[in-house]
Chemist: 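Questions regarding the structure given below will be posed in turn.
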Amino acid sequence: MFANAVEMYSRMQNLWVSPDGYTLPHILKACGGLPGFEMGRQVHGQIFRLGFVKDVFVQNGVIAFYAKCGKIQSAKVVFDGLEFRNVVSWTSMISGYAQNGQPIEALRAFHEMREMGIMPDWVALVSVIRAHTDVEDLAHGKSIHGCIIKMGLELEPDLLIALTAMYAKCGQVMVARCFFDQMKVSDLILWNAMISGYAKNGYAEKAVELFRDMISKNIRTDSITARSAVVACAQVGSLELARWMDNFISKSEHRDDIFVNSALIDMFAKCGNVDMARSVFDRTFNKDVVVWSAMIVGYGLHGRGREALDLYLLMKQAGVFPNDVTFLGLLTACNHSGLVEDGWRLFHSMKDYGIEPRHPHYASMVDLLGRACYLDQAYDFIMSMPIEPGVSVWGALLSACKIHRHVKLGEYAAERLFSLEAYNTGHYVQLSNLYASARMWDRVAKVQILMREKGLSKDLGYSLIEINGKLQSFRVGDKSHPQSKEIYEELESLERRLKQAGFIPHTDSSLHDLNYEEMEETLCNHSERLAIAFGLISTAPGTTLRITKNLRACINCHSATKLISKLVNREIVVRDANRFHHFKDGVCSCGDYW
DNA sequence: CTAGGGTTAG
């Protein structure tokens, strides 16, 4: 009850009751907890005047206060001024660095402490573990685990929680789960660490399962639990699960938490329903820059660029300042809607807000220019970059060269990519596709030989479709489904109707080395068509089909899906590796620009 | 009667 403590302290001051060496650590803790920087600074001044400069309890309190307020420099000044420093003084500095995103400094301070011959206790080690977690140095983290055992601290519950969090965050979820299962007492932070660890490392279903466990066991959740569970649902991608989560949150105490709501907005956008994201956005009070950005990113993902830009204007009117993520969302939105001039203008307005563009911003601009056929300008733009262009930037250029069949520039981009990442399959496939788009079959073959020499093979395509809340996965030419026969019958009937409607498959890219019949067959068996066919026979007429695929939509499937949406009178929502496509009445929301 | 820790959105 920090605010009450501060209020009580003010009353004490008004009555001219002087604080002593016991009062001051309490009030400092309250100021650090709020945090109330101004109040704490006044207390610091008072400490100086009252002569508590040598009281290590009071001074440690001051260090921790500054560290909690993010004023690590001030904390360091106080720390350096101390005559005697004990393990608490050091821990305050170590945790201060760790909490303020300087884990390397934290570890350096820990090293220095050891050189001074000061023995860490379990609280100190908790911060050291966190620092190792943040630099993703699992090897050194494990060695700290060893020290803990040697020191006989392995039964300290909170230390075990910190270790669990470390293993979970560093991707060792099985190890973390062992700790979790062996823990004697149920602890909220332990559950949170396990859930977010699962979510962070791609075990979204496991994370959701654990969250449901908590609810069924009536274990208290906080906003961090809720947020982590929402992030996991966003990863799963099921709209039905997303709805369940939203319903749960809106009935819980977390409904007005902006941390949770920004995650909900992101979740709905990623699960394919940007309008539901908007309704969470609208019900959120005191929107901060993250809430606004999440909504802008959501519109961008769905190719609703105009709405993203309009929202940005509203955001500025509301007095909220944009940050680097806001701009990334805006640039992506412009990209997906072909708003070249708006994107260009926004990129250059970043400096007005003191925001330095990072690699993704540059890559987004290259994509924007390249896609709109300004290839030379994209190249000049890369050459004028103040930072070394990386994989994302050259990748965007290569992709644009493929679209516009600019072989020479594309080859150059591919060279840069190979020198940066010699074993990334995607780059070779892109180059091969570039040659195929220009009908340079001999060079396509050369790339394929190169890939074989390096032991690389194409990523297999797959599509997921959600039917009655269950996700069903299909690979290219998949025949493993129990209803496979019906699915292929539906597929054949679809193909007949496509042909009758005058659909002619493109024969340009990626399939050059097959003869015509083989090519046609392969196209029809593309995984998303299987998912569509399965969706059609498994749902009532008129139901929207929601499909997720791991690769980008190919030109054939894209054209076919447009027509299918009209022929069967269904809305089909496809999330590819890059963005969302909403197919309806024969057109796609991306306007064939992706 | 007093100090230090872990889980945290776009």
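Order of the sequence lines sets the chain letters (A, B, ...), proteins ahead of strands, with each chain counted from 1. Since the model is a prediction, treat every value here as computed from it, not as a measurement.
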Chemist: May I ask you to say what A/Lys270 touches in the nucleic acid, namely base, sugar-phosphate or nothing, with a heavy-atom cut-off under 4.0 Å?
Modeler: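 No contact.
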Chemist: Mark yes when over 12 heavy atoms from residues, nucleotides or ligands other than A/Glu38 sit less than 6.0 Å from its CD; otherwise mark no.
Modeler: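 More than 12 heavy atoms, drawn from other residues, nucleotides or ligands, come within 6.0 Å of this atom.
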Chemist: Just by distance, no angles: are the side chains of A/Ser364 and A/Asp367 close enough, under 3.5 Å, to form a donor-acceptor pair?
Modeler: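 Note: A/Ser364 and A/Asp367 side chains miss the donor-acceptor criterion.
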Chemist: Under 3.5 Å, sequence neighbours excluded: what are the donor-acceptor pairs made by side chains of residues 207-219 of chain A?
Modeler:
residue	atom	partner	partner atom	Å
A/Ser216	OG	A/Arg212	O	3.3
A/Ser216	OG	A/Asp213	O	3.0

Chemist: Report the residues that fulfil salt bridge (Lys or Arg N to Asp or Glu O under 4.0 Å) with A/Glu136, sequence neighbours left out, ordered by chain and then residue number.
Modeler: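 Once residues adjacent in sequence are excluded, the partners of A/Glu136 under the salt bridge (Lys or Arg N to Asp or Glu O under 4.0 Å) criterion are A/Lys200.
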Chemist: Could you list by number each residue of residues 93-115 of chain A showing a heavy-atom separation from DNA chain B of less than 4.0 Å, or answer none if no residue does?
Modeler: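 When residues 93-115 of chain A is checked for heavy atoms under 4.0 Å from DNA chain B, the hits, listed by number, are A/Ser95, A/Gln99.
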Chemist: Counting only heavy atoms not in A/Met12, do more than 12 sit closer than 6.0 Å to its CE atom?
Modeler: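 Yes, CE of A/Met12 has more than 12 neighbouring heavy atoms, counting only those of other groups under 6.0 Å.
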Chemist: From the set B/dT7, B/dG4, B/dA9, return the single nucleotide nearest to any side-chain atom of A/Lys169.
Modeler: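 Selected nucleotide: B/dT7.
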Chemist: Among the nucleotides B/dT7, B/dG10, B/dG4, which one has an atom lying closest to any side-chain atom of A/Arg130?
Modeler: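 Nearest listed nucleotide: B/dT7.
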Chemist: Could you list by number each residue of residues 223-235 of chain A showing a heavy-atom separation from DNA chain B of less than 4.0 Å, or answer none if no residue does?
Modeler: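 Within residues 223-235 of chain A, the residues near DNA chain B are A/Ile224, A/Arg227.
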Chemist: Determine whether the aromatic ring centres of A/Trp191 and A/Phe180 lie less than 6.0 Å apart.
Modeler: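 Yes, close enough.
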Chemist: Determine whether any donor atom in the side chain of A/Thr91 lies under 3.5 Å from an acceptor atom in the base of B/dG4, or the reverse, and answer yes or no.
Modeler: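 In this structure, the two groups form a donor-acceptor pair.
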Chemist: Is A/Tyr353 atom OH crowded by more than 12 heavy atoms from other residues, nucleotides or ligands, each under 6.0 Å away?
Modeler: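 Above 12, so yes.
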Chemist: In whole angstrom, give the distance that lies between atom CZ of A/Phe268 and atom P of B/dA9.
Modeler: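 So the two atoms are 19 Å apart, to the nearest Å.
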Chemist: Give A/Asp257 one of three labels, base, sugar-phosphate or nothing, depending on what nucleic acid heavy atoms sit under 4.0 Å from its own.
Modeler: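 Contact class for A/Asp257: none.
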Chemist: Applying ring pair (Phe, Tyr, Trp, His ring centres under 6.0 Å), can you list everything that pairs with A/His582, at least two apart in sequence or on another chain?
Modeler: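 Only A/His302 meet the ring pair (Phe, Tyr, Trp, His ring centres under 6.0 Å) criterion with A/His582.
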Chemist: Expected output is a numbered-order residue list: members of residues 2-26 of chain A with a heavy atom under 4.0 Å from any atom of DNA chain B. What is it?
Modeler: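 Here the set is A/Gly21, A/Tyr22, A/Pro25, A/His26.
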Chemist: What nucleotide among B/dA3, B/dA9, B/dT7 has an atom nearest to a side-chain atom of A/Ala193?
Modeler: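 Nucleotide nearest to A/Ala193's side chain: B/dT7.
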Chemist: Which is true for A/Lys287 with a 4.0 Å heavy-atom rule: it touches a base, it touches only sugar-phosphate, or it touches nothing?
Modeler: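 Nothing, no heavy atom under 4.0 Å.
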Chemist: Salt bridge (Lys or Arg N to Asp or Glu O under 4.0 Å) with A/Lys206: which residues, sequence neighbours excluded?
Modeler: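 If we apply the salt bridge (Lys or Arg N to Asp or Glu O under 4.0 Å) test to A/Lys206, skipping adjacent residues, there are no hits.
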Chemist: Have A/Asp282 and A/Ser279 got a donor and an acceptor in their side chains that come within less than 3.5 Å?
Modeler: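 No pair is found: no donor N or O on one side chain lies under 3.5 Å from an acceptor on the other.
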Chemist: Pull out every residue in residues 27-50 of chain A that has a heavy atom closer than 4.0 Å to any atom of DNA chain B, ordered by number, or say none.
Modeler: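 Of all residues in residues 27-50 of chain A, the ones placing a heavy atom under 4.0 Å from DNA chain B are A/Lys29.
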Chemist: With heavy atoms under 4.0 Å as the rule, sort A/Ala162 into base, sugar-phosphate or nothing.
Modeler: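 Result for A/Ala162 = nothing.
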Chemist: Can you tell me if CD1 on A/Ile387 sees more than 12 non-hydrogen neighbours from other groups inside 6.0 Å?
Modeler: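 Result for CD1/A/Ile387: enclosed.
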Chemist: Which nucleotide wins on minimum distance to the side chain of A/Phe57, given the candidates B/dG10, B/dT2, B/dA9?
Modeler: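 The answer is B/dT2, which lies nearest to the side chain.
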Chemist: Taking CG from A/Asn192 and P from B/dA9, how many angstroms apart are they, rounded to a whole number?
Modeler: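 For the pair A/Asn192 CG and B/dA9 P, the rounded distance is 12 Å.
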Chemist: Rounded to whole Å, how long is the line connecting atom CG of A/Asp187 with atom P of B/dG6?
Modeler: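 Taking atom P of B/dG6 as the reference, CG of A/Asp187 is at 13 Å.
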Chemist: Let's test your reading of the model: under 3.5 Å, does the base of B/dA9 pair with the side chain of A/Asn261 as donor and acceptor?
Modeler: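 A donor-acceptor contact between them is absent.
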Chemist: Can you name the side chain to side chain contact (heavy atoms under 4.5 Å, CB included) partners of A/Ala64, sequence neighbours left out?
Modeler: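 Scan of A/Ala64 (side chain to side chain contact (heavy atoms under 4.5 Å, CB included), adjacent residues dropped) gives A/Ser92.
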Chemist: Centre-to-centre under 6.0 Å for A/His44 and A/Tyr66, is that the case here?
Modeler: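 Judged by ring-centre distance (under 6.0 Å), A/His44 and A/Tyr66 do meet the cut-off.
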Chemist: Looking at residues at least two apart in the chain, or sitting in another chain, which of them share a salt bridge (Lys or Arg N to Asp or Glu O under 4.0 Å) with A/Arg11?
Modeler: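 Expected list: A/Glu7.
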Chemist: Do A/Tyr299 and A/Arg306 pass the side chain to side chain donor-acceptor pair (under 3.5 Å) test, and can you show the C-alpha distance, the side-chain angles, and the key distance before you say yes or no?
Modeler: CA-CA 9 Å; A/Tyr299 278 132; A/Arg306 250 312 126 207; over 6 Å; no
Chemist: For A/His348, check ring pair (Phe, Tyr, Trp, His ring centres under 6.0 Å) against everything at least two apart and list the hits.
Modeler: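 Applying ring pair (Phe, Tyr, Trp, His ring centres under 6.0 Å) to A/His348 gives A/Trp344.
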Chemist: Just to be sure I understand the rule, does A/Trp292 reach a base, reach only the sugar-phosphate, or reach nothing, if contact means heavy atoms closer than 4.0 Å?
Modeler: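 If one applies the 4.0 Å heavy-atom cut-off, A/Trp292 turns out to touch nothing in the nucleic acid.
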Chemist: When we call it a touch if two heavy atoms are under 4.0 Å apart, what does A/Val87 touch: a base, just sugar-phosphate, or nothing?
Modeler: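 If one applies the 4.0 Å heavy-atom cut-off, A/Val87 turns out to touch a base.
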Chemist: Using a 4.0 Å heavy-atom cut-off across all strands, classify A/Asp288 as base, sugar-phosphate, or nothing.
Modeler: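 The residue A/Asp288 makes base contact.
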Chemist: Could you tell me how far apart A/Asn60 (CG) and B/dT2 (P) are, to the nearest whole angstrom?
Modeler: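 Atom CG in A/Asn60 sits about 15 Å away from atom P in B/dT2.
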Chemist: Let me know the distance between NE2 of A/His254 and P of B/dT8, rounded to the nearest Å.
Modeler: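 Between P of B/dT8 and NE2 of A/His254: 16 Å.
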Chemist: Look at all strands and tell whether A/Val291 reaches a base, only sugar-phosphate, or nothing, counting heavy atoms closer than 4.0 Å.
Modeler: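 The residue A/Val291 makes no contact with any strand.
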Chemist: Between atom CH2 in A/Trp90 and atom C1' in B/dG4, what is the gap in whole Å?
Modeler: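 So the CH2-C1' distance, A/Trp90 to B/dG4, works out to 14 Å.
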Chemist: B/dG10 P sits how many Å from A/Leu264 CG, rounded?
Modeler: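 Those two atoms, CG and P, are 11 Å apart.
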Chemist: Is the OH atom of A/Tyr203 crowded by more than 12 outside heavy atoms at less than 6.0 Å?
Modeler: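 No - once you tally the heavy atoms of other residues, nucleotides and ligands closer than 6.0 Å, there are 12 at most.
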Chemist: What are the residues of residues 321-333 of chain A, sorted by number, that bring a heavy atom to within less than 4.0 Å of DNA chain B?
Modeler: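 Heavy-atom cutoff 4.0 Å gives A/Asn323, A/Val325.
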Chemist: Would a line drawn from the ring center of A/His132 to the ring center of A/Phe110 be shorter than 6.0 Å?
Modeler: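 Between A/Phe110 and A/His132, which both carry aromatic rings, the centre distance is not below 6.0 Å.
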Chemist: How close or far is atom P of B/dT2 from atom NZ of A/Lys54, stated in whole angstroms?
Modeler: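 Nearest whole value for this atom pair: 25 Å.
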